[in-house]
Asker: 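Sharing a structure below in structure tokens format, with a few things to ask.
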Amino acid sequence: MSMKKGVLALVIFGLSLVLGMSSLSIVAGANNDLSQNETQASQDAVIHALYEKAIRQGKVVEKKYRYAAFKENYNLSKQDYETWKKALGKGLSYDEWFDKIVNYGAFPDGEGHSPSEPKLSLRGTQTQNGNKLKNAIQKGDILIISNGGFGHAAIATSDNYILEMYGGGNIWNWTTSGISNNNRQFSKNNWIFGEKEQGLTSRRYIDNWIQLWRIPNKSMANKCASYADATFWNSSHGYKKNKYINYRVTSATTTRDPNYCSKMIFQSFYYGSGSAEVVDSAMAGLTFISPGALPNVFTGKYTPYKVGTY
């Protein structure tokens, strides 16, 4: 009987030990979960504070750029920051870089979208939406593309053709070795829908959010677009290019080669306008121009207006 009691006591002790260890594991797990939740809450607070700052600055419009999209873009752009921080915005913290270089992932009017956000606010199919953009494009228009980060920009060199510094490839090369012979021109249909032309296939841009911007002076828009065509595509405005521009993101805004997307647009209006001050002359001293900041470099009467979002 005493032996049975002894065995029973050992069993009870063993169970108590197991239960005790299980309890410790549960407590430890709960503490880890709590710590992770607190860290996540702290990170969310930092991002939300930056979102509110962007709204106060007028760079983000709350109704046009949801916090969830802002947060997604904030997290996605960290990889770009690690790649470019020594060349673009050197010395800036990530939050400063997300503001000054990426413009918070926002369009010039404060609208913003993340890559995962469907185009529910736009009516019709992607094809219908692309056709609306195609029908709206005029010579001299500026196209700004949002992908949640750095973005992209292009210019309509005629009513039917779009010119761009494409970029592409390994983004590490954008600020180091560069990409040779990177200027591209497509018909607006092929550019929008990702079709092939002159041996190259365009990115299907309509899969991204696109804004169309236009300066109010039509003759000046035509003049600057013609300058872009002759300087960055074909000196006699031909179909096949005889200008071969290298892509590299540098800290100078006045050198024509190498070039990058938004810098080429800047130069088209800065140099292409002749003696007229279409672009604020002080802007020539900028070290970098982001696609989302382009409309802000123009002088009063030439300031572009938004035609639409597509």
Side-chain angles (χ1 to χ4, degrees), residues 80 83-84 86-90 101 139-145 150-158 161-187 191 197-203 205 215 220-295 297-298:
D80 292 342
T83 301
W84 295 340
K86 292 182 180 179
L88 278 181
K90 189 175 181 179
I101 302 300
K139 183 176 181 178
D141 283 352
I142 300 168
L143 296 107
I144 300 176
I145 300 91
F150 182 73
H152 185 53
I155 184 172
T157 51
S158 72
Y161 279 91
I162 309 298
L163 177 66
E164 65 181 349
M165 290 299 298
Y166 175 69
N170 187 342
I171 64 171
W172 175 255
N173 294 330
W174 290 14
T175 58
T176 54
S177 60
I179 306 170
S180 63
N181 188 21
N182 193 251
N183 50 322
R184 294 184 174 192
Q185 184 167 266
F186 294 92
S187 72
W191 185 87
E197 187 169 349
Q198 297 194 66
L200 295 172
T201 302
S202 173
R203 185 180 297 159
Y205 284 106
I215 68 170
M220 183 58 72
N222 289 342
K223 181 179 180 180
C224 294
S226 293
Y227 172 88
D229 188 46
T231 306
F232 302 112
W233 185 253
N234 185 297
S235 54
S236 58
H237 302 288
Y239 176 63
K240 293 186 177 182
K241 73 175 174 181
N242 61 17
K243 298 283 187 176
Y244 304 93
I245 313 299
N246 299 318
Y247 186 103
R248 187 154 60 91
V249 179
T250 64
S251 59
T253 56
T254 54
T255 54
R256 295 173 179 82
D257 189 7
N259 221 309
Y260 58 88
C261 63
S262 44
K263 177 181 171 182
M264 185 191 73
I265 311 303
F266 173 87
Q267 291 179 348
S268 298
F269 289 93
Y270 182 74
Y271 292 121
S273 55
S275 59
E277 192 173 7
V278 173
V279 172
D280 188 341
S281 58
M283 297 298 175
L286 292 173
T287 57
F288 175 76
I289 300 169
S290 70
L294 277 169
V297 304
F298 289 78

Asker: Any idea which heavy atoms bring Pro295 and Ile144 closest together, and the distance?
Answerer: CD-CD1, 4.0 Å

Asker: Side-chain donor-acceptor contacts of residues 281-291 below 3.5 Å, not counting sequence neighbours, with atom names and distances?
Answerer:
unit_1: Ser281; atom_1: OG; unit_2: Glu277; atom_2: OE2; d: 3.2
unit_1: Ser290; atom_1: OG; unit_2: Ala293; atom_2: N; d: 3.4

Asker: Identify the heavy atoms of Ala252 and Lys263 that sit nearest to each other, and give their distance.
Answerer: O-NZ, 3.0 Å

Asker: Please find the pair of heavy atoms, one from Tyr260 and one from Arg248, that lie closest to each other, and give the distance.
Answerer: CD2-O, 3.8 Å

Asker: When you measure from the side chain of Asp280 to the backbone of Val297, do you find a donor-acceptor pair of N or O atoms at a distance under 3.5 Å?
Answerer: no

Asker: Nearest heavy-atom pair of Leu294 and Ala153: which atoms, and what distance?
Answerer: CD1-CB, 3.8 Å

Asker: Kindly determine whether Tyr271 and Thr254 satisfy side chain to side chain contact (heavy atoms under 4.5 Å, CB included), including the steps that lead there.
Answerer: CA-CA 9 Å; Tyr271 292 121; Thr254 54; 3.2 Å; yes

Asker: Can you list everything that forms a ring pair (Phe, Tyr, Trp, His ring centres under 6.0 Å) with Tyr270? Sequence neighbours excluded, please.
Answerer: Phe266

Asker: Measure the CD1-CD1 distance between Ile245 and Ile179 for me, rounded to the nearest 0.5 Å.
Answerer: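 With rounding to 0.5 Å, CD1 (Ile245) is 14.0 Å from CD1 (Ile179).
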
Asker: Cut-off 3.5 Å, side chains only: do Lys243 and Asn183 have a donor facing an acceptor?
Answerer: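 No, Asn183 and Lys243 have no side-chain donor paired with an acceptor closer than 3.5 Å.
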
Asker: Only pairs under 3.5 Å count here: list side-chain donor-acceptor contacts from residues 224-232, not counting sequence neighbours, and write none if there are none.
Answerer:
unit_1: Ser226; atom_1: OG; unit_2: Lys139; atom_2: NZ; d: 2.8
unit_1: Ser226; atom_1: OG; unit_2: Asn222; atom_2: O; d: 3.1
unit_1: Tyr227; atom_1: OH; unit_2: Arg256; atom_2: NE; d: 2.9
unit_1: Tyr227; atom_1: OH; unit_2: Arg256; atom_2: NH2; d: 3.4
unit_1: Asp229; atom_1: OD2; unit_2: His237; atom_2: ND1; d: 2.8
unit_1: Thr231; atom_1: OG1; unit_2: Tyr227; atom_2: O; d: 2.8

Asker: Where is the tightest heavy-atom contact between Ser273 and Lys223, given as atom of each residue plus distance?
Answerer: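 Nearest pair, atom of Ser273 first, then Lys223: O-NZ, 3.5 Å.
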
Asker: Ala154 and Trp191: which non-hydrogen atoms are nearest, and at how many Å?
Answerer: CB-CZ2, 4.0 Å

Asker: How many angstroms lie between CG in Leu163 and CE in Met264, if you round to the nearest 0.5 Å?
Answerer: 4.0 Å

Asker: As an exercise, state the distance from OG of Ser235 to CG of Asn242, rounded to the nearest 0.5 Å.
Answerer: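 It comes to 4.0 Å.
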
Asker: Check ring pair (Phe, Tyr, Trp, His ring centres under 6.0 Å) between Trp174 and all other residues, then give those that pass, not counting sequence neighbours.
Answerer: Trp84, Tyr247

Asker: With sequence neighbours excluded, tell me which residues meet side chain to side chain contact (heavy atoms under 4.5 Å, CB included) with Glu197.
Answerer: Tyr161, Phe186, Ser187, Asn190, Tyr239

Asker: Donor-acceptor pair, Lys240 side chain versus Asn234 backbone, under 3.5 Å?
Answerer: no

Asker: Are the side chains of Ile162 and Tyr205 in touch, meaning some heavy atoms are under 4.5 Å apart?
Answerer: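 A side-chain contact under 4.5 Å is absent here.
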
Asker: Find the distance between CD (Gln267) and CD1 (Ile155) and round it off to the nearest 0.5 Å.
Answerer: 11.5 Å

Asker: Can you confirm whether Cys261 sits close enough to Glu164 that some side-chain heavy atom of one is under 4.5 Å from a side-chain heavy atom of the other?
Answerer: no

Asker: Is a side-chain N or O of Asn182 found less than 3.5 angstrom from the main chain of Asn246, in a donor-acceptor match?
Answerer: no

Asker: Hey, what do you get for CE (Met165) to CD1 (Ile265), rounding to the nearest 0.5 Å?
Answerer: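 Going from the CE atom of Met165 to the CD1 atom of Ile265 covers 10.5 Å.
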
Asker: Who passes salt bridge (charged side-chain N to carboxylate O under 4.0 Å, His left out) against Asp141, sequence neighbours left out?
Answerer: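 With neighbours one apart ignored, the set is Arg214.
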
